[in-house]
Amino acid sequence: MTENRHEALGLSDDQALDIYRTMLLARRIDERLWLLNRSGKIPFVISCQGQEAAQVGAAFALDRDKDYVLPYYRDLGVVLAFGMTPLELMLSNFAKAEDPNSGGRQMPGHFGQKKNRIVTGSSPVTTQVPHAVGIALAGKMEKKDFVSLVTFGEGSSNQGDFHEGANFAGVQKLPVIFMVENNQYAISMPASKQLACEKVSDRAIGYGMPGITVDGNDPLAVYQAVKEAADRARRGEGPSLVETISYRLTPHSSDDDDRSYRSKEEVETAKQKDSIKSFSTYLRELGVLTEEIEDKLDQEIRKIIDDATDYAEKAAYADPDTLFKHVYAE
Amino acid sequence: MTENRHEALGLSDDQALDIYRTMLLARRIDERLWLLNRSGKIPFVISCQGQEAAQVGAAFALDRDKDYVLPYYRDLGVVLAFGMTPLELMLSNFAKAEDPNSGGRQMPGHFGQKKNRIVTGSSPVTTQVPHAVGIALAGKMEKKDFVSLVTFGEGSSNQGDFHEGANFAGVQKLPVIFMVENNQYAISMPASKQLACEKVSDRAIGYGMPGITVDGNDPLAVYQAVKEAADRARRGEGPSLVETISYRLTPHSSDDDDRSYRSKEEVETAKQKDSIKSFSTYLRELGVLTEEIEDKLDQEIRKIIDDATDYAEKAAYADPDTLFKHVYAE
Amino acid sequence: MPVMNYIQAVTQALKEEMTRDEKVFVLGEDVGVRGGVFRATDGLYEQFGEARVLDTPLAESAIAGVGIGAAMYGMRPVAEMQFVDFILPAVNQIISEAAKIRYRSNNDWSCPITIRAPYGGGVHGALYHSQSLESIFANQPGLKIVMPSTPYDVKGLLKAAIRDDDPVLFFEHKRAYRLIKGEVPTEDYTLPIGKADIKREGSDITVITYGLCVHFALQAAEKLEAEGISTHVLDLRTVYPLDEEAIIEAASKTGKVLLITEDNKEGSIIGQVSAIIAENCLFDLDAPIKRLAGPEVPSMPYAPTLEKEFMLNPDKVERAIRELAEF
Amino acid sequence: MPVMNYIQAVTQALKEEMTRDEKVFVLGEDVGVRGGVFRATDGLYEQFGEARVLDTPLAESAIAGVGIGAAMYGMRPVAEMQFVDFILPAVNQIISEAAKIRYRSNNDWSCPITIRAPYGGGVHGALYHSQSLESIFANQPGLKIVMPSTPYDVKGLLKAAIRDDDPVLFFEHKRAYRLIKGEVPTEDYTLPIGKADIKREGSDITVITYGLCVHFALQAAEKLEAEGISTHVLDLRTVYPLDEEAIIEAASKTGKVLLITEDNKEGSIIGQVSAIIAENCLFDLDAPIKRLAGPEVPSMPYAPTLEKEFMLNPDKVERAIRELAEF
Ligand SMILES: Cc1ncc(C[n+]2csc(CCOP(=O)(O)OP(=O)(O)O)c2C)c(N)n1
Ligand SMILES: Cc1ncc(C[n+]2csc(CCOP(=O)(O)OP(=O)(O)O)c2C)c(N)n1
Ligand SMILES: [Mg+2]
Ligand SMILES: [Mg+2]
């Protein structure tokens, strides 16, 4: 019999189902984006596919009314969980004026929404790491008890900003969670050409913080690791490094052709471990999810996405005159 | 009875004495520089005092006819061992035209001398780390069997360039030795405010290389660690991280007043472990060093330094017209 | 002569130089197996092997810094920054190190590295895949910055950069990669770094520019010819240090000067060009020195309306030339 | 009004702002217990405690980046770079992040950080403790760069920088720290960022400059007064974005313009100033726009002969003004 793991973690059936729903929503939005791209309606997609479990598991382990997240471009699952709506995401993908992330100024995947404490991000990787540390520092100075979660790829963990930010947080014992979403590729480069360490979490000791590597296809394992890290952080015990292992199921982006550097078989094998399937199976085995619920979910999600797409497609682009706005405070 | 440790390492009595002589020479030059500074003859000093054992022990563990060193500003002991003469060092300190490091263009401590494979360095800390990796890469490409040794302070190990360089070397398994001269301060900041890790060598695992921490006041311990690292490197097994623990016996530089951030007692306590004394004692106990040899050494060194100082003081500054030279190849 | 596009000229130059000199090697993110995200290094991995076409970890300061180390040793590294926007983590290595190695060592050491990077907009790249960042480096003696406009210049200048004994930044307009085609000799040739090139002779208006804007200027000139406005087009090619002589000559020739850059105006290369003219041939001028540039906003947005508003194009150039002609 | 030196004005501005607003805090290397290597933060640690006067690890990208994060949250960090030369590892954080946060988020987020750094030569600092690096940042909309010349301006502008809702780079001339003294009101005041200031009225020659060179110009002007040459001195104070109006007015006033910077010439701030003049008031000019600057070498050497040759001084300025007067 399947063990009820979510209960052991203090998660109700509803919460577990909510995790699943958010993962599925992220996946379906992402799939729709590819369709829109391939039919010429949006110029660019960068995917979360394969990392939904890690993203949603992590986000649910936080206090979504209080904590800060500094997501990277794949973190559709994180921002959905933190309150960005599918419509807002579609507006961003269509680069429309109403996009709350940037008003259509940034590429999709460059998240930011102050009201949900989703901190604005850029393209150069890993710059968000010290920002997360600065936000945690500010929280500590103001005696708040929020934590900040910052995510990035395993390739990006080789940037100087990771090292400098992690060390700063370690010295100051700040409430930050560094989460490496190790999807085993940085564009064309397999992790073995990026990293000489066995695990990215091996780097934690160098910053005086605990490091842990968990299965990124298991939202509950990620939930648990991030929950523990958040608890530590709130207790004033400092930062943690969490590494989630999964696989990038799509090419790097819609501009990439991954057949030049990895085999179809490899991708197919990885798909066997798809968290959407495995978590669905888990929930079904426990009776939390049923055929009926799944159907309803599918319909509901399809409608949400259809509506969002329709609206976003028809929405207006920013007026050319707005180009000159918001360089400085007005 | 004192155990003969140098013999066990394959070092003859003469070699052991040579290590001592080089350490002593470095110390005496450094002391002279302070006198010259305090009497207004040279504008700036930055010291090796307290790190001579680590520097000379490391240099002697290399092949000084073949290997490359990328020293940092305190590495008087390294460059002496690699063939820079006391006269050349004095010329640099007086900023005279004949200074082989820079023709008087750079501050003292900015070493560089191509014929001795001492790679030119700058002031921004840690930039030399990736250079050492690049030199090792070039050697590997050309199927040479030299290694490169790069040194830097523990404070500097927090710069991104350390992380990026070390990881690059780890992935490519390059023959580089990263040596952190941990003197427990970065200007006014004690190591505890710089580092959250217990040892800087804890960072090695994050780059897939061995890391070791040794007593930086013991030239033989450092010799052994660096020798092993060099052997590994030459066998194609990749880089190593060596941390040497000692204490900065002087203020950060002649511009610093260390009484504002550490106690006299702390400095006095550290002086008890001065490697010049302890290695002298060791060699005397073994009969390798005698009163007579020590006296001769003292005289010899004093004369060398006197002569170098005289010459350097009288030597010419670079002609103002040379300011415009060597911006590009001519 | 075969016709090829701009990026093919990059690849050919690399291939020829790697064949000619064993010390030449390529390093960067995804440059090996993948052949580069724009495919500038296409085929090099297959031909020269992974030791000389090095896929590096994602760390630009190391890419520059490791390259600098290898160059100091005596190699001829060609480092690729995937987008010029991502050169910024390597600024310290480039300005503190590469630019100053010869000078600070009093000529004992040198640093013959080439750093290539695609720059420029008009490709839906948004803020961080569209920038022109040359002016960040254009105040650093010791560096040279080459920004070619045609496949012919690309091949000749990239080969010259690789053979240069000092560090060269080589910025390629990514919109030009597949848009701009031209004749490129199959044989070996180099072009002089530091020399501007007259891309069109004319007598009424002098346009001085570089990169993709050279083509905008040529297209506008073509159209204006019909109206009887004769435009002289000087392509800077090397934007640092500037070719003062050629600038002075071109400005004096017509007395009416339009300077163009895709970068935003203040602090851009063309400000320097203007200062040279204002200092050296003020009394030859018949009109104020005009500048046409991107707007003063941080970078080019993603939305097509905004990108279009930002980018220069032949029409905007044509208008500016006509205005100046009518002055 | 009390007389104090330039660095005391820095300290006083910091102290007053930290007292006024709890969100203001200081971070950097050795700024705490040590009070800064130049002692700019002297006494702050004692007064405000280590939480608000933060000694950071030796890592400039983190100092900037952590500051930026805190600023996005709503704090008012004042980050110190120990020397402007060491700001280079932080260029990516400053240009990719601080400068673009408001714009890229369409005004949702902002980044009110101040980054202070001592710059400039004449202190035996050699290549890496003497540079003027402002022009690296002077092409980045979203940033402001302030470089004051007097203690009065230091206090008023540093307070304005800290209260500014956008990132401000605040560069202090390290030779001025103890050399330049002046009256500074004890009360609270700010000066407008973006506004140049006439430091001396004159009618024959206009000198436009900033930082320590303002004093060289004033000294030279004083001497030349006796010879009947009347010099107008405009202090830019904010070098990015430039105060175009004030520049145009000052240049038009005399028709003979000398631009001065301690930086090397090509690519420096004064090139932009020249371009503004050449574009806007060409026909008011009676002489070419002259530039006086450091030589085109990577940085200032250590040897006194070489440092002297590099540095500007009142004599060199005087000669240049006289030459222009005689034109
Ligand atoms: C500083 C910088 N260099 C290069 C790039 C181009 N780039 C975008 S994503 C990427 C790979 C990132 O790999 P990883 O960190 O593993 O994240 P993943 O895409 O695999 O999720 C690269 C090289 C960039 N965005 N920023
Ligand atoms: C990038 C950079 N930032 C700041 C400085 C100023 N600085 C010079 S030495 C130093 C402390 C270095 O400490 P550590 O690395 O421990 O070496 P140590 O001086 O103790 O030998 C600092 C902050 C510098 N040279 N480079
Ligand atoms: Mg990855
Ligand atoms: Mg130290």
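As the structure is a computational prediction, the values presented were derived from the model and not from experiment.
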Identify, with sequence neighbours excluded, every residue that meets side-chain contact (heavy atoms from CB on, under 4.5 Å) alongside [X].
{"X": "Pro175(A)", "answer": "Ala136(A), Val147(A), Ala233(A)"}
{"X": "Ala204(B)", "answer": "Met209(B), Leu241(B)"}
{"X": "Ala138(B)", "answer": "Ala70(C), Tyr73(C), Met75(C)"}

Exercise for the section: Check each atom of Phe162(B) against the heavy atoms of chain A and say whether the ones under 4.5 Å are side chain, backbone, both or neither. Expected result: side chain
What are the atom names and distances for all donor-acceptor pairs below 3.5 Å between chain B and chain A?
unit_1    : atom_1 : unit_2    : atom_2 : d
Ser157(B) : O      : His163(A) : NE2    : 2.8
Asn158(B) : OD1    : Asn167(A) : ND2    : 3.0
Gly160(B) : N      : Glu164(A) : OE2    : 2.7
His163(B) : NE2    : Ser157(A) : O      : 2.8
Glu164(B) : OE2    : Gly160(A) : N      : 2.7
Asn167(B) : OD1    : Arg203(A) : NH2    : 2.9
Asn167(B) : ND2    : Asn158(A) : OD1    : 3.0
Asn167(B) : ND2    : Gln194(A) : O      : 2.9
Gln194(B) : O      : Asn167(A) : ND2    : 2.9
Arg203(B) : NE     : Gly206(A) : O      : 2.9
Arg203(B) : NH2    : Asn167(A) : OD1    : 2.9
Arg203(B) : NH2    : Gly206(A) : O      : 3.2
Gly206(B) : O      : Arg203(A) : NE     : 2.9
Gly206(B) : O      : Arg203(A) : NH2    : 3.2

Fill in the blank from the handout: Of Ala169(A), Cys197(A), Gly165(A), Gly211(A), the largest count of non-hydrogen pairs under 4.5 angstrom with chain B goes to Cys197(A)
Practice task
Using a cut-off of under 4.5 Å on heavy-atom pairs, state which of Gly208(B), Ala166(B), Gly170(B), Ala196(B) scores highest against chain A.
Solution key: Ala196(B)
